[in-house]
Amino acid sequence: DHFKPINDDGGHGLGDAMLIKVSQAMAEVFRRGDHLARPGGDEFAVILDNCSLENGRKLAERLRAAIAQRRVVANDRAYAVTISLGMTEIRPGDHDRAEVIRRADDASYRAKREGRNRLEFFSESMSSEVTRQLDLENQLRRALKENQFRLFYQPLVNAERDIVGAETLIRWEHPEQGMVPPADFLDVLESSGQIVEVGNWVIETAFKQLLQWIEQGLWDSNFKLCINISPRQFHDRQFAEKINTQLQRIKVPHESIIMEVTEHNIIHNIDDAILRMRELIRYGISFSLDDFGTGYSSLSHLKNLPVSHIKIDRSFVKDICDDPGDQAMIASILALSRHLGLEVVAEGVEGVEQFEMLKRYDCQYYQGYYFSKPLSDRDMTCYLRAADPAA
């Protein structure tokens with residue numbers, strides 16, 4: 001899983017060490033008489049001889065568990081190793097080797113789509129799903145070439161409901177389907193690698209729009225523009241240098257930019273993530289930890305991460321008025337953040353009751369439909385103009 005960004009980040013020596021770890025685990029788990037192969041790159045194949053599906057499942061899960069316990073150390077850092085497994089049965093009458101491999105490949109594709117580090121068995125529905133995904137990949141390539149992506153902006157406000165910034169959100173204006181939400185295509189952009197090119201477009205477009213608002217006198221020097229960074233972008237070894245080049249070329253104030261990362265983005269190599277964040281912090285950019293509270297070790301990482309903001313995940317905000325557990329979680333996050341000197345944004349605020357309760361807990365900043373839905377660049381310009389008393 002995630003072999004390419006790790007290989008790019010740590011070098012081919014690290015990638016080779018990971019492949020060796022996986023090979024050793026396979027040799028330990030599988031049986032004499034099973035056939036092991038590496039077709040290429042980060043892919044392995046196994047033929048389990050004289051083995052039922054149930055026993056195959058047990059062997060595959062044993063392998064997944066064995067690999068998850070391994071670490072590869074490079075440059076004084078430990079890297080986790082996980083795998084996505086697809087399995088199919090060799091049926092009576094199966095004479096086409098390519099067809100058997102395709103079925104297993106479709107199942108492994110589903111395992112990756114469902115979050116990686118898991119096992120999936122082949123079903124006939126997977127073939128049509130893979131076909132749909134490949135078609136979607138092709139449509140997305142065309143979307144970037146034909147300028148079908150759009151940036152929307154959701155305002156950030158303070159406790160007095162004054163605007164203090166905005167978050168950039170990508171949308172796809174499909175020529176036939178209309179506006180497509182990011183949940184329907186971001187995973188495909190990420191898995192296909194297109195997210196790097198699209199992410200560069202997002203940053204470039206957001207910087208140019210920010211510069212336009214500054215020139216129009218609509219963007220206060222204290223406002224922040226938040227830009228989400230994908231895992232593949234973040235693991236690019238030239239990421240900080242590329243961002244700085246864009247900043248220098250477009251001439252936007254560095255202190256107006258906040259890069260948003262999730263814990264999932266950085267969990268595989270926390271030490272390297274910290275170094276990469278510090279590179280950009282030296283250029284004057286800030287970082288925000290998005291979806292805070294959903295990661296299994298957020299609290300332990302928070303004291304070490306060089307972030308200035310955290311965003312409380314909307315899942316805690318949704319039921320804050322009725323769920324004592326969510327209330328306790330948010331109160332704890334806010335208390336810890338004050339102790340660490342961090343600013344907090346509550347996401348997904350959709351009603352006045354949520355807003356008032358969050359204010360009672362002393363939350364500083366808010367984002368959600370109660371204040372504004374995501375706005376097009378034109379509508380966001382109108383929002384800023386209406387919020388400016390001098391306009």
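These numbers come from the heavy atoms of this one structure, side chains and all, not from hydrogens, waters or symmetry mates.
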Is any side-chain N of the basic residue among [X] and [Y] closer than 4.0 Å to the acidic one's carboxylate O?
| X | Y | result |
| --- | --- | --- |
| Arg103 | Glu89 | no |
| Arg31 | Asp34 | yes |
| Glu99 | Arg97 | no |
| Arg38 | Glu43 | no |
| Asp106 | Arg102 | yes |
| Arg118 | Glu61 | no |
| Arg360 | Glu356 | no |

Is there a side-chain contact between [X] and [Y] in this structure, where contact means two heavy atoms from C-beta onward sitting under 4.5 Å apart?
| X | Y | value |
| --- | --- | --- |
| Met179 | Phe152 | yes |
| Glu167 | Glu347 | yes |
| Gln212 | Leu218 | no |
| Leu85 | Ser108 | no |
| Leu36 | Phe44 | no |
| Tyr283 | Ile243 | no |
| Arg91 | Asp94 | yes |
| Asn117 | Asp1 | yes |

Stepwise side chain to side chain contact (heavy atoms under 4.5 Å, CB included) check, Met26 with Lys21: CA-CA 9 Å; Met26 291 172 67; Lys21 288 281 188 184; over 6 Å; no
Single hit among Leu340, Val345, Val344 for side chain to side chain contact (heavy atoms under 4.5 Å, CB included) with Ile310: Val344
Within the side chain of [X], is there an N or O that forms a donor-acceptor pair under 3.5 Å with the backbone of [Y]?
| X | Y | result |
| --- | --- | --- |
| Asp319 | Asp323 | no |
| Glu190 | Leu186 | no |
| Arg276 | Phe234 | yes |
| Glu260 | Leu289 | no |
| Arg171 | Phe149 | no |
| Ser288 | Ser308 | no |

Can you see which heavy atom on [X] is nearest to which on [Y], and at what distance?
| X | Y | value |
| --- | --- | --- |
| Leu342 | Gln364 | O-OE1, 3.7 Å |
| Ala387 | Ile163 | CB-CG2, 3.9 Å |
| Leu48 | Gly56 | CD1-CA, 3.8 Å |
| Gln154 | Ser372 | NE2-O, 3.0 Å |
| Tyr369 | Pro374 | OH-CD, 3.6 Å |
| Met357 | Ile320 | SD-O, 3.3 Å |

Ring center gap for Tyr153 and Tyr383 short of 6.0 angstrom: no
Within a reach of under 6.0 Å around [atom1] of [X], are more than 12 heavy atoms found that belong to other residues, nucleotides or ligands?
| X | atom1 | result |
| --- | --- | --- |
| Lys373 | NZ | no |
| Arg378 | CZ | no |
| Glu241 | CD | no |
| Glu197 | CD | no |
| Asn50 | CG | no |

Side chain to side chain contact (heavy atoms under 4.5 Å, CB included) evaluation trace for Arg338 with Leu334: CA-CA 6 Å; Arg338 283 191 291 270; Leu334 288 165; 3.8 Å; yes
Hydrophobic cluster membership, Ile312 vs Val164, 4.5 Å side-chain cutoff: no
Linked, directly or transitively: Val29 and Ile67 (ILVMFWY side chains, under 4.5 Å): yes
Aromatic plane relationship, Tyr366 with Phe355 - under 30° parallel, 30 to 60° tilted, over 60° perpendicular: perpendicular
Parallel, tilted or perpendicular, as decided by the 30° and 60° cut-offs, for the rings of Trp172 and Phe185: perpendicular
Can you tell me how far apart [atom1] ([X]) and [atom2] ([Y]) are? Round to the nearest 0.5 Å.
| X | Y | atom1 | atom2 | result |
| --- | --- | --- | --- | --- |
| Thr262 | Asn228 | OG1 | CG | 9.0 Å |
| Gln194 | Arg232 | CD | CZ | 10.0 Å |
| Leu210 | Lys224 | CG | NZ | 11.0 Å |
| Ile170 | Trp201 | CD1 | CH2 | 5.5 Å |
| Ser256 | Phe207 | OG | CZ | 10.0 Å |
| Thr205 | Leu151 | OG1 | CG | 5.5 Å |

Side chain to side chain contact (heavy atoms under 4.5 Å, CB included) between Val46 and His35, worked out: CA-CA 6 Å; Val46 184; His35 302 271; over 6 Å; no
Side chain to side chain contact (heavy atoms under 4.5 Å, CB included) between Leu358 and Val349, worked out: CA-CA 9 Å; Leu358 286 162; Val349 182; 3.8 Å; yes
Residue pair Asn200, Glu204: steps toward the side chain to side chain donor-acceptor pair (under 3.5 Å) verdict: CA-CA 6 Å; Asn200 289 336; Glu204 179 99 359; over 6 Å; no
Side chain to side chain donor-acceptor pair (under 3.5 Å) assessment of Gln367 paired with Lys311: CA-CA 9 Å; Gln367 180 180 346; Lys311 283 192 163 183; 2.8 Å; yes
